[in-house]
Amino acid sequence: MPLKIFNSLSNQKEEFKSIKENEVKMYVCGPTVYDLSHIGHARSAVSFDVIYRYLKYKGFDVKYTRNYTDIDDKIINRANKDGVNWSEIAERYIKAFDEDMAVLGVELPTFRPKATETIKEIIQVIQKLVDNGFAYVIDGDVYFSVRKFKDYGKLSKKNIEELEAGARVEVDERKNDPLDFALWKASKPNEPSWESPWGKGRPGWHIECTAMSQKFLGETIDIHGGGKDLIFPHHENEIAQSEAATGKPFVRYWLHNGFVNIEKEKMSKSLGNILAIRDALKNYSAEAIRLFLLSSHYRSPIDYSPEYLKNAEAELDRFYTTLKRMERDWPDVANGVINENRKKERIQPYINAMDDDFNTAQVIGFIFKEINEANRLMDDASKGGVSKEFQEVLPIIRAIFKEIGVILGVFNRTPQEYFKEKKSRSGVPADEIEKLIAQRAAARKNKDFKKSDEIRKELEEKGILLEDTPKGTVWRVR
RNA sequence: GGCGGCGUACCCAAGUGGCUAAGGGAGCAGUCUGCAAAACUGCGAUGCAGCGGUUCAAAUCCGCUCGCCGCCUCCA
């Protein structure tokens with residue numbers, strides 16, 4: 001079964017065919033670095049991270065570019081507000097973004113260019129557009145003439161006449177047409193600026209992506225991604241600029257991820273409900289956040305609420321509890337010889353799900369079926385002995401966990417790492433718990449079950465669960 | 001007003017023409033346990049917002065109605 005991808009350009013799933021066999025050129029719009037990144041950025045980054053990982057898994061050599069927009073009105077405003085240089089703001093939030101991504105297990109793209117490092121190329125593209133008549137210069141500003149580009153609106157399915165009628169923006173009288181957008185902005189005094197054929201200025205927002213995409217990936221690329229909200233005007237404008245400049249198709253597959261709402265409401269400055277990634281990480285593990293994000297399809301809107309994060313944590317508990325059981329009680333079987341044919345057959349549904357527009361939610365569902373199967377097999381083995389089926393299937397399940405872990409970037413830790421992190425989050429000192437467990441063990445030995453139960457209850461109220469196993473009592477965080 | 005999307009059990013969520021509508025959480029019952037936990041087993045939507053239609057066959061296609069949401073302005 002071939003890989004199918006939903007293309008925003010055609011509004012349907014299409015079979016994916018890369019320009020060059022075995023190579024994928026992919027560009028995703030990165031953050032404008034003027035503030036901490038929020039959970040919506042995390043969704044976009046994680047969604048495309050999984051797409052990147054899966055394309056690599058499929059054997060493609062993926063050239064993945066994700067930019068930093070490090071020059072922009074918002075950055076300048078923030079710098080003025082904080083009383084620091086604009087570049088300090090950009091650097092600060094690039095660093096913060098990189099840290100957040102690392103914690104979330106987002107792999108580094110092949111190229112991570114900054115707009116300010118691409119000024120030369122930006123100017124070249126603008127010059128081309130001026131030369132071929134798609135752009136015009138007014139007082140050091142350069143604008144793109146939307147009406148000259150006949151396909152304008154093909155991505156967002158808008159038509160120019162209706163846009164004009166509904167235009168809500170105040171019209172800049174100097175522009176030939178209200179829809180025209182800035183490629184280059186003449187700088188005001190004390191603003192960051194670069195020399196250009198049109199005087200000192202800085203790039204408009206849309207042009208940087210065109211320039212960076214061309215510089216690192218070429219004139220036509222396979223995949224371009226971003227949040228749904230970027231379809232208009234950002235991506236529409238990118239298409240216009242790029243195709244007007246090169247005369248070639250810009251992008252073959254447009255991918256857009258859905259929004260994250262907070263308790264059923266859109267995140268917005270005015271509502272004050274922006275959830276920064278690092279604030280979410282204070283309460284939940286990075287893996288739980290990632291699993292939550294991947295539990296629904298990347299194009300659907302999702303709702304963020306503490307309840308759903310708890311659900312993700314419960315799922316992780318189930319996964320790692322089972323994995324721990326496999327590694328602890330049946331290490332030789334779980335890591336035993338793999339029947340490759342049978343493994344291939346068993347992993348095929350996962351591949352089919354990922355091939356169907358990256359259906360991570362379905363993949364996660366399959367994983368929990370394996371968990372059930374693994375536990376059942378282990379139950380049977382402890383009761384009735386090790387069967388051939390057990391010896392054959394358990395290592396396959398273990399191998400599937402590993403393989404899917406690489407693709408999704410969840411389920412990929414060791415149980416030790418997982419439970420250690422949970423314990424460190426509990427806030428209850430481990431030695432105190434161990435002391436109580438020892439007291440309880442003594443009480444149990446004397447059949448003093450009243451006291452034993454009191455200790456269990458005391459710890460339970462602090463969120464600590466005790467498990468009596470044949471090898472002694474172990475504890476974990478609820 | 002234009003464009004697009006969504007509505008599946010108590011909650012989350014997959015499924016977009018054809019076996020008993022995945023999976024997780026919560027709940028209830030049972031097995032196991034000194035009691036628990038974990039695990040396993042069973043129960044749980046005769047129905048997929050509603051109404052009509054197409055079809056041998058529909059959650060899945062078409063039409064209408066109701067409800068919710070996004071974009072059209074910076075925005076992941």
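Throughout, protein chains are lettered first and strands after them, A, B, ... in sequence-line order, and every chain is numbered starting at 1.
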Novice: Any residue in residues 445-466 of chain A with a heavy atom nearer than 4.0 angstrom to RNA chain B? Just list them by number, or reply none.
Specialist: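 Close to the strand are A:Phe449, A:Ser452, A:Asp453, A:Arg456, A:Leu466.
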Novice: Select one nucleotide: of B:C74, B:G2, B:G24, the one nearest the side-chain heavy atoms of A:Lys158.
Specialist: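 From the listed options, B:G2 comes nearest.
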Novice: What is the base-pairing partner of B:U33, counting Watson-Crick and G-U wobble geometry with both distances under 3.5 Å?
Specialist: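 Base-paired to nothing in any strand shown.
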Novice: Verify the contact: side-chain N or O of A:Asn257 to OP1 or OP2 of B:A76, cut-off strictly under 4.0 Å; return yes or no.
Specialist: no
Novice: Side chain of A:Lys369, heavy atoms from C-beta onward: which of B:A14, B:A22, B:G25 has the nearest atom to it?
Specialist: B:A22
Novice: Does A:Met267 reach a base, just sugar-phosphate, or nothing at all? Heavy atoms under 4.0 Å.
Specialist: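 The answer is base, as A:Met267 lies within the cut-off (heavy atoms under 4.0 Å) of a base atom.
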Novice: Is there a side-chain polar atom (N or O) of A:Asn359 under 4.0 Å from OP1 or OP2 of B:G15?
Specialist: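 Yes, because at least one side-chain N or O of A:Asn359 sits under 4.0 Å from OP1 or OP2 of B:G15.
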Novice: Using heavy atoms to find the nearest nucleotide of RNA chain B for A:Ile367 and A:Asn372 separately, return the residue whose nucleotide is more 5′.
Specialist: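 Here A:Ile367 is the residue nearer the 5' end.
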Novice: Any N or O donor-acceptor pair under 3.5 Å from the base of B:G5 to the side chain of A:Arg299?
Specialist: no
Novice: Return the nearest nucleotide to the side chain of A:Trp205; candidates are B:C74, B:A37, B:A76.
Specialist: B:C74
Novice: May I ask you to evaluate whether A:Trp475 reaches the phosphate of B:A37, defined as a side-chain N or O under 4.0 Å from OP1 or OP2?
Specialist: no
Novice: Report yes or no: is the cationic atom of A:Arg299 (NZ for Lys, CZ for Arg) under 6.0 Å from the centre of the six-membered ring of A:Phe6, at an angle within 45° of the ring normal?
Specialist: yes
Novice: Which part of the nucleic acid does A:Lys266 contact within heavy-atom distance under 4.0 Å: base, sugar-phosphate only, or nothing?
Specialist: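 Base, at least one base atom sits under 4.0 Å.
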Novice: Nearest whole Å is fine: how far is B:G34 P from A:Arg440 CZ?
Specialist: 12 Å
Novice: Does any nucleotide pair with B:A22 by Watson-Crick or G-U wobble geometry, both distances under 3.5 Å, and what is it?
Specialist: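 Partner of B:A22: none.
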Novice: Identify whether any heavy atom of A:His297 sits under 4.0 Å from a base atom; if not, whether one sits that close to sugar-phosphate; answer base, sugar-phosphate or nothing.
Specialist: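 Result for A:His297 = sugar-phosphate.
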Novice: Would you indicate which nucleotide in B:A38, B:A39, B:C74 comes nearest to any side-chain atom of A:Arg318?
Specialist: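 The nucleotide sitting nearest to the side chain is B:A39.
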Novice: What nucleotide, of B:A76, B:C40, B:C74, holds the atom closest to the side chain of A:Val260?
Specialist: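 The closest nucleotide is B:A76.
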Novice: Of the nucleotides B:A39, B:G15, B:C71, which one has an atom closest to the side chain of A:Asn375?
Specialist: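 Between B:A39, B:G15, B:C71, the one nearest the side chain of A:Asn375 would be B:A39.
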Novice: With a 4.0 Å cut-off on heavy atoms, is A:Gly40 in touch with a base, just the backbone sugar-phosphate, or nothing at all?
Specialist: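 Base contact - A:Gly40 has a heavy atom under 4.0 Å of at least one base atom.
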Novice: Once you apply the 3.5 Å cut-off to both distances, tell me the Watson-Crick or G-U wobble partner of B:U46, or none.
Specialist: none
Novice: Tell which nucleotide pairs with B:G1, taking only Watson-Crick or G-U wobble pairs whose two distances are both under 3.5 angstrom.
Specialist: B:C72
Novice: Side chain of A:Arg476, heavy atoms from C-beta onward: which of B:A38, B:G25, B:C72 has the nearest atom to it?
Specialist: B:A38
Novice: My understanding is that a pair needs two contacts under 3.5 Å, Watson-Crick or G-U wobble. By that rule, which nucleotide pairs with B:C6?
Specialist: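 Looking at the geometry, B:C6 pairs with B:G67.
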Novice: How many Å lie between CG on A:Asn261 and P on B:G7, as a whole number?
Specialist: 15 Å
Novice: Quick check for you: among B:A39, B:C12, B:A76, whose closest atom lies nearest to any side-chain atom of A:His38?
Specialist: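 Minimum distance to the A:His38 side chain belongs to B:A76.
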Novice: Would you mind telling me which of B:A76, B:C71, B:G15 lies closest to the side-chain atoms of A:Gln362?
Specialist: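 For the A:Gln362 side chain, the nearest candidate turns out to be B:G15.
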Novice: State whether A:Lys457 and A:Asp453 are salt-bridged, where the test is any N-O pair (Lys NZ or Arg NE/NH1/NH2 against Asp/Glu carboxylate O) under 4.0 Å.
Specialist: no
Novice: Dump the intermediate steps for side-chain contact (heavy atoms from CB on, under 4.5 Å) on A:Phe149 and A:Ile239, then the final yes or no.
Specialist: CA-CA 10 Å; A:Phe149 185 72; A:Ile239 293 175; 4.3 Å; yes
Novice: Nearest nucleotide by nearest heavy atom, which residue falls closer to the 5' end of RNA chain B, A:Glu307 or A:Asp468?
Specialist: A:Glu307
Novice: Counting only side-chain nitrogens and oxygens, does A:Arg444 get under 4.0 Å of the OP1 or OP2 atom of B:G34?
Specialist: no
Novice: State plainly whether the residues A:Arg413 and A:Glu421 are in salt-bridge range, i.e. N to O under 4.0 Å.
Specialist: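 Yes, charged N to carboxylate O under 4.0 Å.
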Novice: Output the rounded distance in Å from CD (A:Gln12) to P (B:G4).
Specialist: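 These atoms are roughly 13 Å apart.
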Novice: Using whole Å, report how far NZ of A:Lys74 lies from P of B:U73.
Specialist: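 Taking atom P of B:U73 as the reference, NZ of A:Lys74 is at 15 Å.
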Novice: Could you check how far CD1 of A:Ile371 sits from C1' of B:A38, rounded to whole Å?
Specialist: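 A:Ile371 atom CD1 is separated from B:A38 atom C1' by 13 Å.
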Novice: Whole angstrom is fine here: how far is it from CD in A:Glu236 over to C1' in B:C3?
Specialist: 12 Å
Novice: What is the distance, to the nearest angstrom, from the CZ atom on A:Phe366 to the P atom on B:A14?
Specialist: 13 Å
Novice: Any salt bridge between A:Glu432 and A:Lys462, counting N to O under 4.0 Å?
Specialist: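 Looking at A:Lys462 together with A:Glu432, the answer is yes, because their closest N to O distance falls below 4.0 Å.
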Novice: In plain terms, say whether A:Asp49 and A:Arg53 are close enough for a salt bridge, that is, a side-chain N and a carboxylate O under 4.0 Å apart.
Specialist: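 A salt bridge is present here (some side-chain N lies under 4.0 Å from a carboxylate O).
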Novice: Rounding to a whole Å, what distance do you find between A:Leu230:CG and B:U73:C1'?
Specialist: 13 Å
Novice: Under 4.0 Å, heavy atoms only, any strand: does A:Arg66 hit a base, just the sugar-phosphate, or nothing?
Specialist: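 A:Arg66: no heavy atom of the nucleic acid under 4.0 Å.
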